[in-house]
Amino acid sequence: MARIIVVTSGKGGVGKTTTSAAIAMGLAKKGHKTAVIDFDVGLRNLDLIMGCERRVVYDFVNVINGEATLNQALIRDKNCNLLYILPASQTRDKDALSQEGVGKVLDELKKDFKYIVCDSPAGIEKGAHLAMYFADDAFVVTNPEVSSVRDSDRMLGILASKSRRAVDNEEPIKEYLLLTRYSPERVKLGEMLSVDDVQDILSLHLLGVIPESKSVLNASNSGTPVILDEKSDAGQAYADIVARYLGENRPHRFIDDKRGFFGKLFGSK
Amino acid sequence: MSIDSQNKPYKPFALEFKSSTFSVPVLVLSSDDLVIIEHQLQEKISLAPEFFRNSPLVLDLQEINKQGYDINIVALTDIIRKAGLLPIGIRGGNVQQNKQAIELLLPVYSIHSGGVSADTQKPKTIIPVPETKTDIDADVVVDVTTTTLITQPIRSGQRLYAAGDLVILAQVSAGAEIMAEGNIHVYNTLRGRALAGVRGNTEARIFCFDLQAELISIAGNYKVSEDLDEAVRNKPVQIYLQDQALIIKDIMQHH
């Protein structure tokens, strides 16, 4: 049975698209046929992060409007043949999406794919609403600062009350916390909320912590999901997250200050 | 209840007068057009039919009398009964209206007893106080009919209203709002806004495991986070009203 995962946050710029790209790639690399959909109509980014922007012919809105078939619009990833991308339209806005249209596309994808990752736009308006509406699982991406945590909390409330599962009185969406751009050093200095602080406020199952890392920016610029950079801390953190989501038991990393004795001695304060 | 007084060797008291405080909705009328009143009443009721079913109601005539309208109490009570409400008295009526009410066996209340006015929802609300200030045992009976139990967290932006008591086992996030006509119990961290006794029950209390609330209110008497004493912050507390002042007490400190 296919599962629909929404990657959401409320707040913008916390790493939703980076996360969507990484986990979609991670799931596909584990042998599961995966589709990743960009719901950010009008501000399309996923294709850039996935490095397929030059191969976009048709998009999500074309499929909803019946101007193209799903097979015409899906782009196969160049790194992994089990991963497909459904890009957003750049020339339209969120009103081009309809609940009925999105539902139809997802139903069709469910026949053929194991995982469908929905990259939500920021905000709590129509685009974000439609991205989460049909979800089975939610990855709530949060930065360790108060406004991001507050917005995630708001989004969790919406997942619990406005999603299809909530409306139909089914088993609620499974919610997972992903803490991104985490810097143990800054937590130590009291400049950033700690993992415990965030979990205390959100009381949510922690799927993983992604450390603040240069490799994320490098990956975005080169159009390869950061999970493929197996040497990088962020890449390893996303690999852990995918493994944990699939049921593997992996201890949490990147939560404590990793610098060694000399690093601490000579490192900047 | 069974009456078994004949079995008793002595004669117990068969009755006792007690003074009780109730919170009752007041219908403030501002038009004498019975057709419009009936229409708008139906509209309001259709929004929350369960809430209004067989609800007691006091009719407030002060406004229409001030505007110089006259209204037929008999026809008016007919409309209200037809809508499924149970009128239990009037207030603010003129001599003629008061006489009509008494003939209909409807008590006449004094306007000075206050009440929640329908159009001005000020934070300070006063509940109708019993007319007769008796020196009989003033035991306040609070009629709590239902308890709402919530096990899921109440997230930022969510609002919750309970007609009776509200019991929450999970946390209440900052930016969430919980309201109850009765008491509120939060067996977790309370970070949002909590309003107990929202229809004027001054006996309502708020209990929580860890007080970090943005706002707490009982029967309209409120305090914002900034006004909370540091000594009670992050503590398990109970909050109640005493002489119109909110008292916040650490539950553990008494032991």
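Side chains included, hydrogens not; waters and symmetry mates left out as well; all remaining heavy atoms used. Within every chain, numbering begins at 1; the chains are lettered A, B, ... in the order of the sequence lines, protein sequences first and strands thereafter.
Considering only residues two or more places apart in sequence or on other chains, A:Thr17 meets the side-chain hydrogen bond (donor to acceptor under 3.5 Å, both in side chains) condition with A:Asp119. Under the rule for a side-chain hydrogen bond (donor to acceptor under 3.5 Å, both in side chains), the partners of B:Arg191 that lie at least two apart in sequence or sit in another chain are A:Asp200, B:Gln171, B:Gln212. Legend: residues meeting side-chain hydrogen bond (donor to acceptor under 3.5 Å, both in side chains) with A:Asp136, ordered by chain and number and at least two apart, are A:Arg165.
Note: B:Ile154 CD1 to A:Ser161 OG = 10.0 Å, rounded to the nearest 0.5 Å.
If you measure heavy-atom distances from A:Leu159 to chain B, you find no contacts under 4.5 Å at all.
Under the 4.5 Å side-chain criterion, counting only non-hydrogen atoms from C-beta, B:Arg155 is in contact with A:Leu202.
What you find for B:Gln158 and A:Gly157 is that their closest heavy atoms are NE2-O, 3.1 Å.
The neighbour count for A:Arg44 CZ, taken as heavy atoms of other residues, nucleotides or ligands under 6.0 Å away, is above 12. Atom NE2 of A:His252 has more than 12 neighbouring heavy atoms from other residues, nucleotides or ligands inside a 6.0 Å radius. More than 12 heavy atoms of other residues, nucleotides or ligands shown are found within 6.0 angstrom of OH on B:Tyr161. Residue-environment remark: CD (A:Glu248) exceeds the threshold of 12 foreign heavy atoms within 6.0 Å. The neighbour count for B:Arg159 CZ, taken as heavy atoms of other residues, nucleotides or ligands under 6.0 Å away, does not exceed 12.
Contact residues of residues 144-156 of chain A toward chain B are A:Arg150, A:Asp153, A:Arg154, A:Leu156 (heavy-atom distance under 4.5 Å).
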